[in-house]
Amino acid sequence: MKELSYIDYLFERENLDDSKLGELIESNNPKVLEYLYGKSLEKKIKYYDKSIYMRGLLEFTNICKLNCKYCGLRWDNKNVDRYRLTEEQILDCCSTGYQLGYRTFVLQGGEDSYYTDDKLVKLITNIKSNYPAAAITLSIGEKAYESYKKYFNAGADRFLLRHETADKDLYNSLHPGSSYENRVRCLKDLKEIGYQIGAGFMTGLPGQTTKHLVKDLRFLKNLDPHMIGIGPFIPHSETPLANFSGGTVELTLKMVALTRLMIPKALLPSTTALGTIDSLGREKAIRAGANVVMPNLSPTNVREKYEIYENKICTGDEAAHCRQCIEKRINSTGSYVDMGRGDYVDWRTNNVY
Ligand code: SAM
Ligand code: SF4
Ligand code: FES
């Protein structure tokens, strides 16, 4: 079968022609898919063994001035009960997380102007001085170079900023008031400053074609980020995309596996969105080459309010419960939990602590 030889070629050379990538994306032959996931897992094990890294996610504000058409937190959605955690609440969550063994805290939020650079620098400095052994990951959207530099100097280690889609027209149609060029500028600035950067995209976006997905793989190959988040788009009823269908488990797993083979050393999260559309979605992604999970550390009383899409899993579960639940799930795949910082495999050792 020619698809199997494409996968072998991709496994060896870590690259493949666009048209062949397209054929693999469109294949629904179970033998091809099983082979693809197996080769992806083999590649992941080569660089990261059977370990799965854990990140503690803190959704610290659901206030957002932007209007991304897919997101339930968009400014125009007036049916969101908006919140922002205080610095004290954030530090409490870090304390709980640290006791549970987490050594990465991911601070994620909407583009909330309340959090000025000075406030963010103070927050980062404070977390870092309390937990010097933990990595801080930011996921707070598009900023100026100078702002990114300030957070880095204060101790932030990593930054997640999905590129969402590498097709300029599709990007601009989904992001009123924002531009593809600025998104890419941000990712390049972050890399130059010295962050471990995370890009990534959604599968099943309205208007997305195989060609767009090939563009995503090509974009990622050129950018060479340290992390790549891939999850299905899930429609939210209070957004302009409410009536579209979302991404599927199969397409998402294919893209995770192809990404592993194209950019083999990347940290690839098994996303909560995948766990939301399929109760075993996260396990399937781990079997297809993902190696990171991000359980939630936010206080349970705000979890439901961070509704980027509906029916999100884990909204009623305490951090300690998720910590145990996810470990069982990971073990069921034949992998194991690694509670270290979980840096990118080639990360400079002098940068680690
Ligand atoms: N505001 C920051 C940003 O946009 O980069 C970080 C928070 S944002 C909620 C994190 C990610 O959620 C986005 O990069 C996007 O890919 C994802 N997301 C938003 N709405 C979604 C939806 N309806 N379905 C799946 N993923 C979604
Ligand atoms: Fe805001 Fe991020 Fe949602 Fe866009 S995806 S509306 S920037 S929280
Ligand atoms: Fe949260 Fe299973 S990981 S309940």
Side-chain angles (χ1 to χ4, degrees), residues 54 56-77 80 82 106-113 115 137-143 159-165 171 174-178 182-183 186-187 190 197-206 216 227-242 244-247 252 269-277 279-283 293-298 300 303 306-330 332 337:
M54 302 271 278
L57 179 65
L58 276 147
E59 296 162 335
F60 72 104
T61 171
N62 71 352
I63 299 171
C64 189
K65 63 182 183 203
L66 296 189
N67 252 324
C68 307
K69 285 193 184 159
Y70 42 79
C71 181
L73 301 184
R74 65 200 305 273
W75 177 252
D76 282 353
N77 182 5
V80 182
R82 305 279 174 178
V106 181
L107 296 176
Q108 188 180 84
E111 295 216 4
D112 179 356
S113 309
Y115 278 102
T137 303
L138 300 177
S139 179
I140 53 175
E142 298 174 26
K143 306 273 182 182
F159 204 108
L160 305 181
L161 187 80
R162 287 182 173 182
H163 66 280
E164 314 294 1
T165 169
Y171 186 94
L174 293 168
H175 300 94
S178 307
N182 196 49
R183 197 77 174 175
C186 289
L187 282 164
L190 289 162
I197 63 160
F201 59 97
M202 278 174 277
T203 60
L205 284 168
D216 284 314
M227 291 164 276
I228 301 171
I230 303 168
F233 156 62
I234 305 177
H236 187 296
S237 61
E238 300 285 337
T239 66
L241 305 182
F244 287 88
S245 49
T252 308
S270 165
T271 57
T272 304
L274 199 53
T276 297
I277 61 168
S279 60
L280 293 177
R282 288 171 296 176
E283 288 87 328
V293 287
M294 290 198 203
N296 209 316
L297 288 180
S298 310
T300 40
R303 296 255 188 111
Y306 200 85
E307 195 184 64
I308 53 182
Y309 47 79
E310 285 146 328
N311 305 315
K312 200 164 146 218
I313 50 170
C314 302
T315 49
D317 301 291
E318 293 291 344
H321 176 76
C322 288
R323 165 74 185 78
Q324 299 215 319
C325 169
I326 203 73
E327 177 150 14
K328 274 193 212 136
R329 289 170 181 270
I330 290 168
S332 77
V337 164

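Predicted, not measured: the structure shown is a model, and the values here were computed from it. Both ligands and their constituent atoms are indexed starting at 1 by order of listing.
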Contact bool for [atom] (protein heavy atom, d < 4.0 Å):
atom	value
atom 8 (S) of ligand 2	yes
atom 11 (C) of ligand 1	no
atom 8 (S) of ligand 1	no

Got more than 12 heavy atoms from elsewhere within 6.0 Å of CZ, Phe244?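 Incorrect, the count does not exceed 12.
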How about Gln324: does its CD atom have over 12 heavy atoms from other parts shown lying under 6.0 Å from it? no
Looking only at atom types and distance, does a side-chain atom of Ser270 sit under 3.5 Å from a main-chain N or O of Arg282, one as donor and one as acceptor? yes
Heavy atoms only: which of Arg282, Glu318, His321 lies closest to atom 3 (S) of ligand 3?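 Looking at heavy atoms only, the winner is Arg282.
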Option whose closest heavy atom lies nearest to atom 21 (C) of ligand 1, chosen from Phe159, Phe233, Tyr70: Tyr70
Using a 4.5 Å cut-off on heavy atoms from C-beta on, say whether the side chain of [Y] contacts that of [X].
X	Y	answer
Leu174	Leu241	yes
Ile140	Tyr115	no
Pro206	Lys69	no
Thr165	Asp216	yes
Arg323	Met54	yes
Lys312	Ile234	no
Met227	Leu160	yes
Cys314	Thr272	no

Flag the pair Glu142 and Arg183 as a salt bridge only when some basic side-chain nitrogen lies within less than 4.0 angstrom of an acidic carboxylate oxygen. yes
Under a 4.0 Å heavy-atom limit, does Glu164 contact ligand 1 with its side chain, its backbone, both, or neither?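 For Glu164, only side-chain atoms sit under 4.0 Å from ligand 1.
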Using a 4.0 Å heavy-atom threshold (strictly under), name the region of Ala273 that reaches ligand 1: side chain, backbone, both or neither.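 Neither part.
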For ligand 1, find out whether one of its N or O atoms is nearer than 3.5 Å to an N or O atom of Arg162.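 Looking only at distances, the answer is yes, because the N/O contact criterion of under 3.5 Å is met.
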Under 4.0 Å from a heavy atom of Cys322: give me the atoms of ligand 3 that qualify, with their elements.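 Near Cys322, meaning under 4.0 Å from one of its heavy atoms, ligand 3 has 1 (Fe), 3 (S), 4 (S).
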Report, in ascending order of atom number, the atoms of ligand 2 lying under 4.0 Å from any heavy atom of Cys64.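 Close to Cys64: 1 (Fe), 6 (S), 7 (S), 8 (S).
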With heavy atoms of Gly110 as the reference, note each atom of ligand 2 found under 4.0 Å away.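 In order of number, 8 (S).
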Which atoms of ligand 1 sit under 4.0 Å from any heavy atom of [X]?
X	answer
Tyr306	7 (C), 9 (C)
Arg183	3 (C), 4 (O), 5 (O)
Met202	15 (C), 16 (O), 25 (C), 26 (N), 27 (C)
Tyr309	22 (C), 23 (N), 24 (N), 25 (C)
Ser139	6 (C)
Pro232	24 (N), 25 (C)

Nearest neighbour in protein (non-hydrogen) for [atom]:
atom	result
atom 22 (C) of ligand 1	Ile234 O, 3.6 Å
atom 3 (Fe) of ligand 2	Cys71 SG, 2.4 Å
atom 4 (S) of ligand 3	Asp317 OD2, 3.4 Å
atom 1 (N) of ligand 1	Gly109 O, 3.0 Å

At a 4.0 Å cut-off, with the gap strictly under it, does some heavy atom of Phe201 reach an atom of ligand 1? no
Can you tell me if Gly247 contacts ligand 1 (heavy atom of the residue under 4.0 Å from the ligand)? no
Using 2.8 Å as the threshold, say whether any N, O or S atom from Cys325 sits that close to atom 1 (Fe) of ligand 3. no
Does Cys314 bring an N, O or S atom to under 2.8 Å of atom 1 (Fe) of ligand 3? yes
In Å and rounded to the nearest 0.5 Å, what is the CG to CG distance from Asp112 to Leu73?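 Reported to 0.5 Å precision, the distance equals 11.0 Å.
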Could you report the tightest heavy-atom contact between Arg303 and Ser298, atom names first, then the distance? NE-O, 2.9 Å
Over 60° means perpendicular and under 30° means parallel, so tell me whether His163 and Phe201 are parallel, tilted or perpendicular. tilted
Is atom 4 (Fe) of ligand 2 less than 2.8 Å from at least one N/O/S atom of Cys68? yes
